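In what follows, every heavy atom counts, from backbone to side chain, and hydrogens, waters and symmetry copies are set aside. It should be emphasised that the depicted structure is a prediction, and the values quoted were computed from it without experimental measurement.
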Amino acid sequence: MSVSTHVLDSVLGRPAAGMTVRLLAGDELVAEGVTDTDGRCRLAEGATAPCAHRLVFATGPWFAGQGRDTFYPEVVLSFDVREPAEHHHVPLLLAPFAYSTYRGS
């Protein structure tokens with residue numbers, strides 16, 4: 001299984017570089033990373049159990065580092081892994097007071 005994300009700052013129209021992202025399977029930390037200059041982060045390579053997973057984005061510290069306020073100190077995206085062999089790409093479109101996501105490819 002592989003999990004990746006792509007974080008975009010929808011207000012500035014730019015990638016959200018330098019944001020910490022954690023991947024959890026249940027309550028177990030699977031991986032942690034930081035978005036690159038393009039806002040991308042690959043978090044898992046290899047097998048994991050078919051179960052509920054969560055991506056936890058450290059949005060509060062990221063916005064604070066830019067001198068910007070946000071309503072969300074973190075964003076948590078939960079998704080089910082049913083086919084461990086598949087790639088799971090879960091993007092985050094981010095603004096200080098809103099966010100959206102979708103299953104990417």
Side-chain angles (χ1 to χ4, degrees):
M1 179 187 99
S2 61
V3 176
S4 63
T5 189
H6 188 193
V7 186
L8 297 171
D9 182 330
S10 63
V11 171
L12 299 179
R14 295 186 196 151
M19 183 180 295
T20 300
V21 184
R22 292 181 293 139
L23 173 66
L24 295 101
D27 292 328
E28 180 183 336
L29 180 65
V30 174
E32 184 172 24
V34 176
T35 56
D36 64 14
T37 57
D38 194 34
R40 297 179 184 274
C41 185
R42 184 169 290 276
L43 288 154
E45 293 289 339
T48 188
C51 64
H53 285 67
R54 290 178 288 154
L55 284 172
V56 181
F57 299 84
T59 54
W62 185 80
F63 277 114
Q66 298 183 23
R68 297 163 66 190
D69 290 330
T70 183
F71 184 69
Y72 301 102
E74 67 180 17
V75 171
V76 180
L77 302 179
S78 299
F79 59 99
D80 280 329
V81 171
R82 296 186 182 163
E83 295 294 332
E86 288 185 9
H87 174 68
H88 296 75
H89 183 66
V90 185
L92 176 64
L93 306 175
L94 183 63
F97 301 97
Y99 65 88
S100 64
T101 187
Y102 57 94
R103 179 165 184 184
S105 56

Smallest heavy-atom separation, Ala17 atom then Thr37 atom, equals CB-CA, 3.8 Å
Of all heavy-atom pairs linking Ala44 and Val30, the shortest is CB-CG1, 4.5 Å
Could you state whether Val56 and Val90 fall into the same hydrophobic cluster, counting links through intermediate Ile, Leu, Val, Met, Phe, Trp or Tyr residues with side-chain heavy atoms under 4.5 angstrom apart?
no
Sequence neighbours excluded, the answer for side-chain hydrogen bond (donor to acceptor under 3.5 Å, both in side chains) partners of Ser10 is none
I'd like to check the side chain to side chain contact (heavy atoms under 4.5 Å, CB included) partners of Leu93; sequence neighbours left out, ordered by chain and number.
Leu8, Ser100, Tyr102
Minimum-distance pair of heavy atoms, taken over all atoms of Gly39 and Pro15
N-CB, 3.5 Å
Calculate, to the nearest 0.5 Å, the distance between atoms OG1 and NE2 belonging to Thr5 and His88 respectively.
13.5 Å
Hey, any chance Val21 and Leu77 share a hydrophobic cluster, counting ILVMFWY side chains that come within less than 4.5 Å of each other, even indirectly?
yes
With rounding to the nearest 0.5 Å, note down the distance linking OG1 in Thr59 to CG in Leu92.
8.0 Å
Closest non-hydrogen atoms of Ser78 and Arg54, given as atom of the first, atom of the second and distance, are OG-CG, 3.4 Å
Heavy atoms, side chains only, cut-off 4.5 Å: are Phe63 and Leu94 in contact?
yes
Salt bridge (Lys or Arg N to Asp or Glu O under 4.0 Å) contacts in which one or both residues fall within residues 12-25, not counting sequence neighbours:
none
Please identify each residue that fulfils side-chain hydrogen bond (donor to acceptor under 3.5 Å, both in side chains) with His87, with sequence neighbours left out.
Ser2, Ser4
Closest non-hydrogen atom pair, Ala95 against Val11
CB-CG2, 3.8 Å
Which salt bridge (Lys or Arg N to Asp or Glu O under 4.0 Å) pairs, counting each pair once, include a residue from residues 35-44, with sequence neighbours left out?
Asp38-Arg40, Arg42-Glu45
Which residues pass the ring pair (Phe, Tyr, Trp, His ring centres under 6.0 Å) test with Phe79, not counting sequence neighbours?
His53
Hey, what do you get for CH2 (Trp62) to OG1 (Thr70), rounding to the nearest 0.5 Å?
9.5 Å
If two hydrophobic side chains count as joined below 4.5 Å and joins carry through other members, does Leu24 share a cluster with Val81?
no
The single option from Leu55, Thr35, Val75 passing side chain to side chain contact (heavy atoms under 4.5 Å, CB included) against Val7
Thr35
Give every residue pair that meets the salt bridge (Lys or Arg N to Asp or Glu O under 4.0 Å) criterion with at least one member in residues 70-97, sequence neighbours excluded.
Asp80-Arg82, Glu86-Arg103
Do Leu12 and Phe71 land in one hydrophobic cluster if side-chain heavy atoms of ILVMFWY residues count as linked below 4.5 Å?
no
Residues passing the side-chain hydrogen bond (donor to acceptor under 3.5 Å, both in side chains) test with Gln66, sequence neighbours excluded, are Arg68
Partners meeting ring pair (Phe, Tyr, Trp, His ring centres under 6.0 Å) with Tyr99 (sequence neighbours left out):
Tyr72
